[in-house]
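What follows is a structure written as structure tokens; I'll ask about it next.
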Amino acid sequence: MSDAAVLIDVAFPLPLKNTFKYKAPGDMSGSAVFGKRVIAPLGKKLLTGFIVGVSQPTDPNFASTCNYEIKEVVSIPEDPPFFTEQLWRFISWAADYYFVPVGTALKSLLPPGATKKSKRWVFLAQNVGSDTCEQRQETDSLPSVLLKKGRMLEKDLISRIGESALKDCIKRGLLTTQDYLEIPRTMDQRGRSKKPIRTLSKQNGSYDPALWPELTPCQVAATNTISAAIESGGFQPFLLYGVTGSGKTEVYIRAIAKTLEKDKDVLVLVPEIALTPQTVRVFLDRFEGGVALFHSGLTPAQRLQEWRRIKERQVRIAVAARSGIFLPIDSLGLIIVDEEHDPSYKQEDGFPYNARDLALVRGMLDAACVILGSATPSFETFENARRGKITRIDLPERYHAGQMPRVEIVDLKDSKRIGDRKGFLTPLLLSHIQETLDRREQALLFLNRRGFDTFVQCKSCGFIFRCPNCDISLTHHKSKQQLRCHLCGYSQFAPPLCPKCASAAMSFHGIGTQKVEEELKKLFPTSRIERLDRDAAHNQEDLVAILERFRNHEIDILTGTQMIVKGHDFARISLVGVLYGDASLHFPDFRAAERTFQVLTQVSGRAGRDRRLSSVLFQTFDTEHPVIRYAARQAYEEFFEYECEVRRELAYPPFGHLILIRLEGNSETKVEQAAIRLGSVGRMLKAPLGGLTILGPAPSPRKKAGGKYRWQVLLKGTTRENLRRLVQQLRDAGHLNQPGVKVTIDVDPIEMM
DNA sequence: AGCACGCCGACT
DNA sequence: GTCGGCGTGCTC
Ligand SMILES: [Zn+2]
Ligand SMILES: [Zn+2]
């Protein structure tokens with residue numbers, strides 16, 4: 001029986017939307033197991049693929065009934081399956097939902113080194129080498145390595161003598177080429193000998209639940225509800241809505257313990273930036289079995305090691321950044337998404353997915369509980385809770401009885417010197433900085449640079465232009481003297497005078513963090529001042545290094561562009577200043593207010609926790625903005641209600657769904673034409689579907705990277721189904737393949753610049 | 001992703 | 001006349 005050949009479906013980790021059928025000959029049929037790796041010919045190459053279907057050839061004539069020749073796989077390496085049918089179903093669902101080829105999505109399931117590509121070698125023809133003078137001359141130009149060994153890698157030869165010379169040699173029969181794929185070492189052999197990367201060890205805390213801290217009544221109630229769900233098994237989603245400092249982590253810990261007790265494993269997702277040793281230690285200190293740590297900062301060898309520890313169940317808790325949603329936890333009982341509102345759960349390039357949303361899908365497929373935790377839930381999650389799709393659990397009390405956080409609002413309209421570069425260094429801010437330095441404490445200053453080159457604000461009254469259709473701020477296109485909405489394409493002339501107060505001071509172009517840093521250095525010459533932004537920290541290493549020095553108090557004032565304090569304990573920070581809050585409040589995005597509320601809450605939450613952090617300064621022209629009022633009172637729900645009015649009216653999420661189609665290319669006219677065409681075709685197709693709106697096309701306000709021009713078309717729908725159907729129709733009719741234009745689809749977009 | 005096939009511009 | 005650019009379409 002085992003001698004009979006079997007038919008297998010193979011998926012390749014390439015942008016291919018189909019899987020491929022192969023025969024596994026009799027001697028391999030025993031190894032033809034779901035999820036295993038195969039070496040198979042595809043086109044002219046030998047590639048590594050993965051078995052995603054095994055069928056007995058009940059119909060021996062299958063080969064003759066299908067319209068292509070079924071090839072045989074070359075080999076099935078000995079290593080165990082890379083994924084289960086369950087995980088494959090999950091990734092297939094995700095590929096379909098996000099409109100990416102299944103092969104692209106497959107890549108995110110695989111550990112580093114799982115795939116090998118064949119390499120092409122060049123060989124010296126048999127008859128070459130006899131010492132004819134004529135041949136001498138011909139082979140003179142070839143590298144000596146090739147002449148000596150008789151072979152070399154094609155790409156090495158091309159880099160030496162060029163492609164045309166190679167072709168010439170082949171034509172004259174001097175050289176031949178052949179593809180080779182070295183049979184990969186099994187995953188079992190790879191990296192086994194490596195010492196564990198684990199340098200973290202238990203510090204304090206106990207493995208014994210009896211010695212864990214006592215819970216508050218609210219924590220007890222939350223724990224009971226979640227434990228009951230874990231006990232009964234099956235998919236159950238929760239929103240753990242707890243104010244900062246209410247002790248969500250302690251509830252996570254109990255839920256994890258309960259899950260382990262049921263012999264199930266746990267995935268904890270944490271925003272990339274918060275995945276620090278301190279975060280991991282929280283779990284390491286409580287669970288004897290240890291935790292796996294998975295994020296993009298690991299080396300390939302480390303990623304493989306952690307992947308394998310999880311796959312082999314050597315460790316039963318994985319703490320991971322967003323890509324961890326694809327980890328091979330085969331008996332998954334619980335997924336925790338901490339700070340679920342954090343935008344870093346959204347992957348923006350290649351395979352754009354949202355790990356928080358996928359956590360719910362995976363929980364459903366794996367029959368696991370899912371806890372989404374946040375003090376400021378994303379509106380999508382909060383609305384899901386209101387509709388009863390997610391069970392809401394509140395933690396209203398503060399765990400540490402600290403004083404209420406205090407945020408001081410500084411009115412930038414009062415600043416007379418806003419025109420010069422000292423504008424954002426208001427007298428109040430400077431006096432706070434001075435006091436901080438006098439106490440030998442640290443200050444963290446945020447200046448969102450992204451705000452400056454996008455929208456235009458009156459320097460004297462704070463007026464901002466908004467789109468009449470989309471309720472987002474307009475972006476400035478300097479060259480055309482135009483203000484544009486980057487969602488719907490609305491445009492108007494950029495007037496030289498403020499429409500509200502007639503001031504001529506209408507823009508903030510050219511003020512950046514560098515200048516603030518320079519100015520601070522002049523004002524506080526003896527202090528150690530550094531900048532943390534993309535220019536100062538090119539890579540993760542630089543970032544970590546700067547944060548580490550800040551932590552060690554080798555820096556007094558750190559200026560930065562984003563909230564980089566998450567997950568770090570900076571004990572000596574006593575001042576946090578948001579220099580230009582309008583950059584966040586009026587960022588051209590319908591989620592600007594939601595984001596600002598999150599940031600304000602997060603910063604002031606720290607003020608309550610760290611006793612030293614005495615001041616949070618938020619400088620803005622718009623001191624009366626509702627976000628500020630609500631955030632000051634920590635009134636999330638009122639803010640939600642307020643903000644939802646606009647969302648409902650304009651059918652933005654969570655009351656509508658979005659799919660963004662991006663177009664980019666080297667030719668300005670080609671991209672523009674394609675975008676216009678896509679917009680009009682979309683408008684024709686949407687009518688019979690109903691409930692759909694098409695915004696745009698509009699040129700992207702983003703700086704064109706690498707000379708590329710970008711346009712976008714935003715599809716908005718009251719139901720997901722019709723929205724998806726529209727994209728399918730556009731795709732199937734070929735409107736997403738336009739010459740010279742790369743089209744990408746972003747489902748549930750977050751970043752829409 | 002590769003790779004081949006195929007159709008128009010500037011070269012021997 | 002060809003060499004070579006890349007747009008298009010396929011790979012079991
Ligand atoms: Zn004004
Ligand atoms: Zn608009």
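All chains are named by letter (A, B, ...) in the order of the sequence lines, taking the proteins before the strands, and each is independently numbered beginning at 1.
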**Message:** Side chains of A:Gln728 and A:Arg731 only: does a donor on one sit below 3.5 Å from an acceptor on the other?
**Reply:**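 Note: A:Gln728 and A:Arg731 side chains miss the donor-acceptor criterion.
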**Atom-pair distance (NZ on A:Lys71; C1' on C:dT11), nearest Å** =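 Answer to the nearest Å: 7 Å.
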**Prompt:** CG of A:Leu46 versus C1' of C:dT11: gap in Å, rounded?
**Reply:**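 Atom CG in A:Leu46 sits about 13 Å away from atom C1' in C:dT11.
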**Asked** Taking NZ, NE, NH1 and NH2 as the nitrogens, is one of them in A:Lys346 or A:Glu348 under 4.0 Å from a carboxylate oxygen of the other?
**Response**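 Yes, this pair counts.
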**Request:** Take A:Lys23 and A:Leu7 through the side-chain contact (heavy atoms from CB on, under 4.5 Å) test and state the conclusion after the steps.
**Result:** CA-CA 5 Å; A:Lys23 274 181 289 200; A:Leu7 211 52; 4.0 Å; yes
Report all interatomic pairs (protein N or O, nucleotide N or O of nucleotides 3-5 of chain B) with separations under 3.5 Å.
unit_1, atom_1, unit_2, atom_2, d
B:dC3, OP1, A:Lys45, NZ, 2.8

**Message:** I'd like to know if A:Glu664 pairs up with A:Arg710 as an ion pair, taking the criterion as any Lys NZ or Arg NE/NH1/NH2 lying under 4.0 Å from an Asp or Glu carboxylate oxygen.
**Reply:**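 Salt bridge between A:Glu664 and A:Arg710, a charged N being under 4.0 Å from a carboxylate O: yes.
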**Asked** With A:Tyr97, which residues qualify under ring pair (Phe, Tyr, Trp, His ring centres under 6.0 Å), at least two apart?
**Response**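 Ring pair (Phe, Tyr, Trp, His ring centres under 6.0 Å) check on A:Tyr97 returns A:Trp93.
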**Request:** Within residues 11-20 of chain A, find the residues that approach DNA chain C with a heavy atom at under 4.0 Å, and present them sorted by residue number.
**Result:**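 Under 4.0 Å from DNA chain C: A:Leu16, A:Phe20.
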**Prompt:** Expressed in angstrom and rounded to an integer, what is the separation of A:Asn737 atom CG from C:dC10 atom C1'?
**Reply:**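 Taking atom C1' of C:dC10 as the reference, CG of A:Asn737 is at 14 Å.
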**Asked** When the distance from NZ of A:Lys21 to C1' of C:dT11 is rounded to whole Å, what number comes out?
**Response**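 It is 15 Å, rounded to the nearest whole Å.
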**Request:** List in chain and number order the residues that pass side chain to side chain donor-acceptor pair (under 3.5 Å) with A:Asn737, two or more places apart in sequence or in another chain; answer none if no residue qualifies.
**Result:**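 Counting only residues at least two positions away or on another chain, A:Asn737 forms no side chain to side chain donor-acceptor pair (under 3.5 Å).
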**Prompt:** With sequence neighbours left out, what residues match A:Tyr98 under ring pair (Phe, Tyr, Trp, His ring centres under 6.0 Å)?
**Reply:**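 Expected list: none.
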**Prompt:** Could you state the CZ-C1' distance from A:Arg731 to C:dG9, rounded to the nearest angstrom?
**Reply:**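 After rounding, the reported distance stands at 16 Å.
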**Prompt:** How long is the line joining CD of A:Glu69 and P of C:dC10, in whole Å?
**Reply:**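 Interatomic distance, CD of A:Glu69 to P of C:dC10: 18 Å.
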**Request:** Take the protein atom CG of A:Leu42 and the nucleotide atom C1' of B:dA1, then report the distance between them rounded to whole Å.
**Result:**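 Rounded to the whole Å, the gap is 10 Å.
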**Prompt:** In chain order, what residues pass the ring pair (Phe, Tyr, Trp, His ring centres under 6.0 Å) check against A:Phe351, with sequence neighbours excluded?
**Reply:**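 Ring pair (Phe, Tyr, Trp, His ring centres under 6.0 Å) list for A:Phe351, sorted by chain: A:Phe326, A:Tyr353.
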**Prompt:** Using 4.0 Å as the upper bound for N to carboxylate O, is an ion pair formed by A:Asp96 and A:Arg724?
**Reply:**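 Looking at A:Arg724 and A:Asp96, the cut-off is met.
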**Prompt:** Taking CG from A:Leu736 and P from C:dG9, how many angstroms apart are they, rounded to a whole number?
**Reply:**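 Going from A:Leu736 (CG) to C:dG9 (P), I get 14 Å.
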